[in-house]
Amino acid sequence: PNKAMHIGHLRNSCIGDTVARILRKNNYEVEVQNYVDDTGVQVVDTLLGLEEIDKEKPEDQPFDHFCWDIYAEINSRMKEDRELQDKEEELLRKIEERDPSVAERARSTAKRIVNAHLKTCENFNIGFDLLVWESDILEAGFWNQTFEELKNKDNFTLKDFGPQSGCWVVETDSDEFSDKVFVKSDGTATYTAKDLAYHRWKFGVMDEDFKYKEFDDPTLEKQPWSSDMEEGNEEEDFGEGDRVVNVIDISQRYPQAVLKKSLESLGYEKQAENFRHLKYAMVFLSLPTAEKLGVDIIEEKDQYSISGRRGIGITVDDLLDLITERVEEEFEGEEYEEIKEEEVDDQDIAAAAIRYHFLKYDSLKPVVFDLEDSIQVLGDTGPYLQYSYARAQGILRKAKKEEYLQEDLVVPENLEDPEAHLIKLLTLFPDKVKQCGDDLDVNTFTDYAFDLAHGFNYFYEEAPVLGSEGDRKEFRLFLVKAFSYTMKNLLDILGIIAPERI
RNA sequence: GCGCCCGUAGCUCAGCUGGAUAGAGCGCGGCCUUGCGGAGGCCGAGGUCACAGGUUCGAAUCCUGUCGGGCGCACCA
């Protein structure tokens with residue numbers, strides 16, 4: 001983290017959070033980790049920017065948004081400025097050597113930004129159990145221990161000839177992957193090497209452990225734990241998983257595949273088998289949106305990359321504000337003003353719309369985001385699900401008497417079409433949860449969510465509940481109750497607030 | 001150059017372990033409300049499933065090729 005979260009990161013967080021929820025619903029014990037890079041070139045650039053750019057942070061601007069600007073500006077300045085490039089290189093070297101003054105600054109800056117990210121995530125009901133700091137992976141000696149361990153393996157060798165001379169490499173005996181360098185000729189570990197060490201810890205085959213500390217930021221409602229080799233001391237029980245699911249964008253397909261293959265080659269066959277890279281394609285900007293953000297437009301190109309380096313992108317906070325406004329405008333009906341205090345926030349509705357949007361597409365397909373059109377609020381959307389739930393709650397509220405929900409329920413001889421249709425949809429729920437828990441395709445789940453909400457809305461329009469009599473009324477109330485229960489569960493899985501009224 | 005992914009209504013997308021007239025949302029046209037909140041429901045127009053071959057009783061779905069788009073192929077993370 002080195003700047004404000006943008007919509008590309010949000011796709012990651014929405015998918016990851018929903019996968020965690022669906023797995024929990026399938027009775028897995030799930031631990032959600034957020035990998036915090038506080039040692040790489042990106043953090044260094046932000047650090048350099050804060051140092052070199054003479055600019056005060058405006059009082060009302062969040063720190064991560066300030067860094068967004070700083071990061072873009074320093075990168076633009078560095079293009080022409082040799083002196084800055086040298087400074088960047090020096091900082092990078094110092095951070096790699098764990099020079100205390102630089103490392104500490106990197107960590108505290110990253111911490112401020114992580115905190116801002118966690119705040120942003122809270123608005124979408126996205127949370128984490130543990131923050132793992134890259135610097136702590138080094139401090140905890142994960143790589144050193146792994147290195148010693150690997151030296152005993154036959155296919156981990158020090159090359160003394162060829163282009164990889166002087167490097168320690170893993171030979172994977174595979175046509176697809178060439179031998180992968182783990183230790184460079186200058187003696188430092190590659191990213192894949194550190195990632196392998198991290199995964200040994202994840203799978204519980206590492207003797208060393210982190211120290212832990214609560215991430216005690218008063219602005220957060222729920223505190224995650226954090227690795228902390230400096231101040232941590234708690235003996236906490238993290239890692240040691242049976243399965244690992246890495247939610248990482250598809251551009252990292254190759255390094256992730258190498259990691260998996262390396263696990264296998266080095267004898268961690270079971271772990272390799274239980275390792276999964278959950279891929280998703282990137283988020284692009286539509287032509288009109290890119291144009292609005294000041295990107296140079298190329299004639300035949302209709303999608304543009306997000307680029308923090310160039311300051312091109314939309315932050316999650318800005319998007320949420322924008323959609324919240326749109327929700328306010330769209331539903332200005334004041335008829336129910338008097339019950340306003342029981343309603344959900346417009347922001348919760350906006351969050352539902354945004355979350356749903358990032359979940360509803362096949363995750364392997366690129367999303368082209370357009371500020372004007374992308375986040376819908378009507379139709380096949382998050383708020384539609386919330387609306388259906390609120391309607392059901394309305395009926396239950398009016399019916400209120402528990403006696404309608406008695407055990408000797410009489411199922412009518414002739415089910416009407418809306419009733420039968422709703423029942424059919426309701427019975428699919430357990431299978432859908434199971435299926436999604438197995439394949440982790442979250443978009444199949446949003447498809448079902450929409451069908452179910454639609455089925456209820458059809459029932460709602462065609463089959464009056466409180467207007468019917470006797471057994472039929474009880475039966476329909478039972479269906480409303482069943483729907484309400486199911487939709488609540490479903491919304492929980494999607495991380496969307498289930499409103500009593502809307 | 002090599003590898004992986006994608007191309008389905010005007011727009012955004014489901015459907016792809018082969019099976020009946022290819023489904024939704026938005027947009028467009030029409031209908032429904034003195035109420036269990038219309039942020040909704042119903043009906044309609046709109047598609048030679050990129051193109052060309054092949055396998056099959058049967059192909060949007062499987063195979064091959066062409067075109068178009070995305071992503072990779074490090075001693076970077």
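A note on names: the letters A, B, ... follow the listed sequences, proteins ahead of strands, and every chain is numbered from 1. Remember, predicted model here, so these are calculated numbers, not experimental data.
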Report the nucleotide, chosen from [options], that has the shortest atom-to-atom distance to any side-chain atom of [X].
{"X": "A:Tyr458", "options": "B:C42, B:C71, B:G72", "answer": "B:C42"}
{"X": "A:Gln303", "options": "B:G70, B:C71, B:G40", "answer": "B:G70"}
{"X": "A:His454", "options": "B:C42, B:G70, B:A77", "answer": "B:C42"}
{"X": "A:Tyr387", "options": "B:C71, B:G70, B:G37", "answer": "B:G37"}

Classify A:Phe284 by what it touches in the nucleic acid, base, sugar-phosphate, or nothing, heavy-atom distance under 4.0 Å. sugar-phosphate

Over all strands shown, is A:Gln42 touching base, sugar-phosphate only, or nothing at heavy-atom distances under 4.0 angstrom?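 Touches nothing.
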
Got a minute to check which stems RNA chain B is part of, using Watson-Crick or G-U wobble pairs under 3.5 Å, three or more consecutive?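 Result, WC/G-U stems under 3.5 Å: B:1-7 with B:67-73, B:10-13 with B:23-26, B:28-32 with B:40-44, B:50-54 with B:62-66.
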
Does A:Lys301 count as lying over the ring of A:Tyr304, i.e. NZ or CZ under 6.0 Å from the six-ring centre, within 45 degrees of the axis?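 Yes, A:Lys301 sits over the ring of A:Tyr304.
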
For the residue pair A:Arg391 and A:Tyr460, would you count it as a cation-pi contact if the rule is NZ or CZ under 6.0 angstrom from the ring centre and within 45 degrees of the ring axis?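 Cation-pi check for A:Arg391 and A:Tyr460: passes.
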
Does the ring center of A:His199 lie less than 6.0 Å from the ring center of A:Phe275? yes

Would you say the rings of A:Tyr35 and A:Tyr198 are close, in the sense that their centroids are separated by under 6.0 Å? yes

Ignoring backbone atoms, test whether A:Tyr384 places a side-chain nitrogen or oxygen under 4.0 Å from the OP1 or OP2 oxygen of B:G41.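 Yes, such a contact exists.
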
When you measure from the side-chain N and O atoms of A:Gln164 to the phosphate of B:C75, is any distance below 4.0 Å, counting only OP1 and OP2?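 Yes, such a contact exists.
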
Sequence neighbours excluded, which residues qualify as ring-ring contact (aromatic ring centres under 6.0 Å, His included) partners of A:Tyr191? none

Inter-residue atom distance A:Thr18.OG1 - A:Asn443.CG, 0.5 Å rounding: 11.5 Å

Has the side chain of A:Ser185 got a donor or acceptor that lies under 3.5 Å from a partner of the other kind on the base of B:C75? yes

Of all residues at least two apart in sequence or in a different chain, which pass the side chain to side chain contact (heavy atoms under 4.5 Å, CB included) check with A:Ile7?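 Result, side chain to side chain contact (heavy atoms under 4.5 Å, CB included) vs A:Ile7: A:Val283, A:Leu285, A:Ile306, A:Ile314, A:Leu319, A:Phe358, A:Phe369.
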
So which protein N/O to nucleotides 27-36 of chain B N/O distances come out below 3.5 Å?
from	atom 1	to	atom 2	distance (Å)
B:C36	O2	A:Val465	N	3.3
B:C36	O2	A:Leu466	N	3.1
B:C36	N3	A:Val465	N	3.1
B:C36	N4	A:Tyr460	O	2.1

When you check the gap from the basic side-chain N to the acidic O, do A:Glu171 and A:Lys159 get nearer than 4.0 Å?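 Looking at A:Glu171 and A:Lys159, the cut-off is met.
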
Any Lys/Arg nitrogen of A:Glu90 or A:Lys94 sitting under 4.0 Å from an Asp/Glu carboxylate oxygen of the other?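 Judged by the 4.0 Å cut-off on N to carboxylate O distance, A:Glu90 and A:Lys94 do form a salt bridge.
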
Closest heavy-atom contact between A:Ala353 and A:Ile375?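 Shortest heavy-atom contact: CB-CG2, 3.9 Å.
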
Suppose we screen for side chain to side chain donor-acceptor pair (under 3.5 Å). Which residues come up paired with A:Glu148, at least two apart in sequence or across chains?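 Per chain and number, A:Glu148 pairs via side chain to side chain donor-acceptor pair (under 3.5 Å) with A:Lys151.
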
Strictly under 4.0 angstrom, non-hydrogen atoms only: write out the protein contact profile of nucleotides 5-13 of chain B, one letter per nucleotide from the 5' end, B, S or -. -SS----SS

